[in-house]
2 protein chains.
Amino acid sequence: MATRHNHALPRAAKDLLDGALARHGLRGTRHRELIFGSLLARRDHPTAEEVFVRVKAMAPTISLATVYNCLETLVQCGLVRAVNHERDATRYCPNLSEHAHFHDRRTGRIYDVDLPEDVVERLKELLPEGYEADSLELNFHGRSAVKSKETVGAAAASA
Amino acid sequence: MATRHNHALPRAAKDLLDGALARHGLRGTRHRELIFGSLLARRDHPTAEEVFVRVKAMAPTISLATVYNCLETLVQCGLVRAVNHERDATRYCPNLSEHAHFHDRRTGRIYDVDLPEDVVERLKELLPEGYEADSLELNFHGRSAVKSKETVGAAAASA
DNA sequence: ACAGTAATTAGAATTATTCCAATTACAAGG
DNA sequence: CCTTGTAATTGGAATAATTCTAATTACTGT
């Protein structure tokens, strides 16, 4: 079996991407596809730099600025979430379902944690009169006892 | 009434500060006191730069590096919380009670939102086996309808 | 083929923060 | 109250992530 490292987007993902871009009046370009694909291929919350090195394998002339541009575009289109932790570099996450993040203090790794819709609703009720949240962000900090060798491992995922 | 702008720490706050510093084997210095005092005087989540200009009024020779140092010290001692929002400058918050933050997209202002202990406990139960969180961070994003002219205005506060 | 707009590029610029090496301030012991 | 060791402070240089800029290049629709 010829190991295909070209991260070709599965049809469903490609449709999702093209649809979202079109809806925002943007073009579907090779770079946007590659970057979205690279996020889906290894859903491990890479930084822009990390995405940069990954996609350079298949588009050696791509520039870091383009990676930033494309990631921002994907975020704008609602296909990707930007995840910040303290002052560290922003990380990118293609998990579209509502979820929280667990930051492992020891390894710096980030895991997705499923966040049921009813919990989100309940949390929004904490807001006083006159405060309307359209989104929320929940981050746990601690140490995982799990010896996951690579990335996700335990907490929920899937886009 | 002579408007005293010297932010003299109330006894209780001073004891809190000195106690915490002592417990960490650190000295109680004028700068640390001034900075802690300036945070307590206007609990509006200032950035390091903003703290810098505020304390310069009473310690004109203080350097920005010292402000960063002192703020970090206060955070280490558990007297102050560092609040990050996307890539914006870190803001500092002397509210020690467990609370969440509401970020007003329009004004960029941050409000404290009371976060009851039982809610925190309930949230930690979302974590899968093997993930132990020692802290969590909850941020709401949206627009407030409240016309608060200055800072807090609505959501809970008090240290 | 052409025009007009969007995407990409390399590198400079910005911003917040940290680092550094040198000075200054204390606190405890003599 | 002098010395001495350590902690705190300082100004400026250094860093890191990201954004900006001013071209170039690539498409899309005519």
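From a predicted model like this one, the values you see are computed outputs, not experimental measurements. Heavy atoms only: backbone and side chains are in, while hydrogens, waters and symmetry mates are out. Numbered from 1 within each chain, the chains take letters A, B, ... in sequence-line order.
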Notebook entry, point to check: Are A/Val53 and A/Val67 connected, step by step, through hydrophobic side chains (Ile, Leu, Val, Met, Phe, Trp, Tyr) whose heavy atoms are closer than 4.5 Å?
Noted result: no
Item checked: Protein-nucleotide distance (B/Arg91, atom CZ; C/dA16, atom C1'), rounded to Å -> 13 Å
Check: Is the distance from OP1 or OP2 of D/dT28 to the nearest side-chain N or O of A/Arg27 less than 4.0 Å?
Finding: no
Margin query: Using OP1 and OP2 only, check whether a side-chain N or O of B/His31 sits under 4.0 Å from D/dT9.
Written below: yes
Note to self: For A/Ser97 versus A/Asn95, what's the shortest heavy-atom pair and its separation?
What the structure shows: OG-OD1, 2.8 Å
Next item on the list: Check whether any side-chain nitrogen or oxygen of B/Thr29 sits under 4.0 Å from OP1 or OP2 of C/dA25, and answer yes or no.
Entry: no
Next item on the list: Send over the distance from A/Glu72 CD to C/dA6 C1', rounded to a whole Å.
Entry: 16 Å
Checklist line | Interatomic distance, A/Leu21 CG vs C/dA7 C1' [rounded to whole Å] | finding: 12 Å
Check: NA contact type, B/Asn69, heavy-atom cut-off 4.0 Å: base, sugar-phosphate, or nothing?
Finding: base
Next item on the list: Check whether any side-chain N or O of A/Thr47 sits under 4.0 Å from OP1 or OP2 of D/dA17, and answer yes or no.
Entry: no
Check: To the nearest angstrom, how far is B/Glu33 atom CD from D/dT9 atom P?
Finding: 12 Å
Next item on the list: Counting heavy atoms from C-beta on, name the nucleotide in D/dA26, D/dA17, D/dA8 closest to the side chain of A/Tyr68.
Entry: D/dA17
Notebook entry, point to check: Over how many whole Å does the gap from B/Ile35 atom CD1 to D/dT10 atom P extend?
Noted result: 9 Å
Item checked: Donor on one side chain, acceptor on other, A/Asn84 and B/His85, under 3.5 Å -> no
Checklist line | Whether A/Phe102 and A/Tyr111 hold their rings parallel, tilted or perpendicular, with breakpoints at 30° and 60° | finding: tilted
Note to self: If you count heavy atoms of other groups shown closer than 6.0 angstrom to CD of A/Glu132, is the number above 12?
What the structure shows: no
Margin query: I want to check one thing: is the phosphate of D/dA8, taken as OP1 and OP2, less than 4.0 Å away from some side-chain N or O of B/Arg32?
Written below: yes
Next item on the list: Using whole Å, report how far CG of B/Asp88 lies from P of C/dA16.
Entry: 9 Å
Next item on the list: Could you tell me whether A/Ala89 contacts a base, only the sugar-phosphate backbone, or nothing, with contacts defined as non-hydrogen atoms closer than 4.0 Å?
Entry: sugar-phosphate
Next item on the list: Could you check how far CG of A/Leu71 sits from P of C/dA7, rounded to whole Å?
Entry: 15 Å
Next item on the list: Compare side-chain N and O positions of A/Thr61 against OP1 and OP2 of C/dT8 and report whether any pair is under 4.0 Å apart.
Entry: no
Check: When you match B/Arg87 and B/Gly28 each to their closest nucleotide on DNA chain D, which lands nearer the 5' end?
Finding: B/Gly28
Margin query: Need one value for B/Thr66: base, sugar-phosphate or nothing, where a base atom within 4.0 Å counts as base even if backbone is also close, heavy atoms only.
Written below: base
Item checked: B/Asn84 CG - D/dA17 C1' separation (whole Å) -> 14 Å
Next item on the list: Work out which heavy atom in B/Pro46 is nearest to a heavy atom in B/Glu50; give both atom names and the distance.
Entry: CA-OE1, 3.0 Å
Notebook entry, point to check: DNA chain C: B/Glu49 or A/Leu26, which has the more 5' nearest nucleotide?
Noted result: A/Leu26
Notebook entry, point to check: Starting at the 5' end of DNA chain C, which residue's closest nucleotide do you reach first, A/Ala65 or B/Leu64?
Noted result: A/Ala65
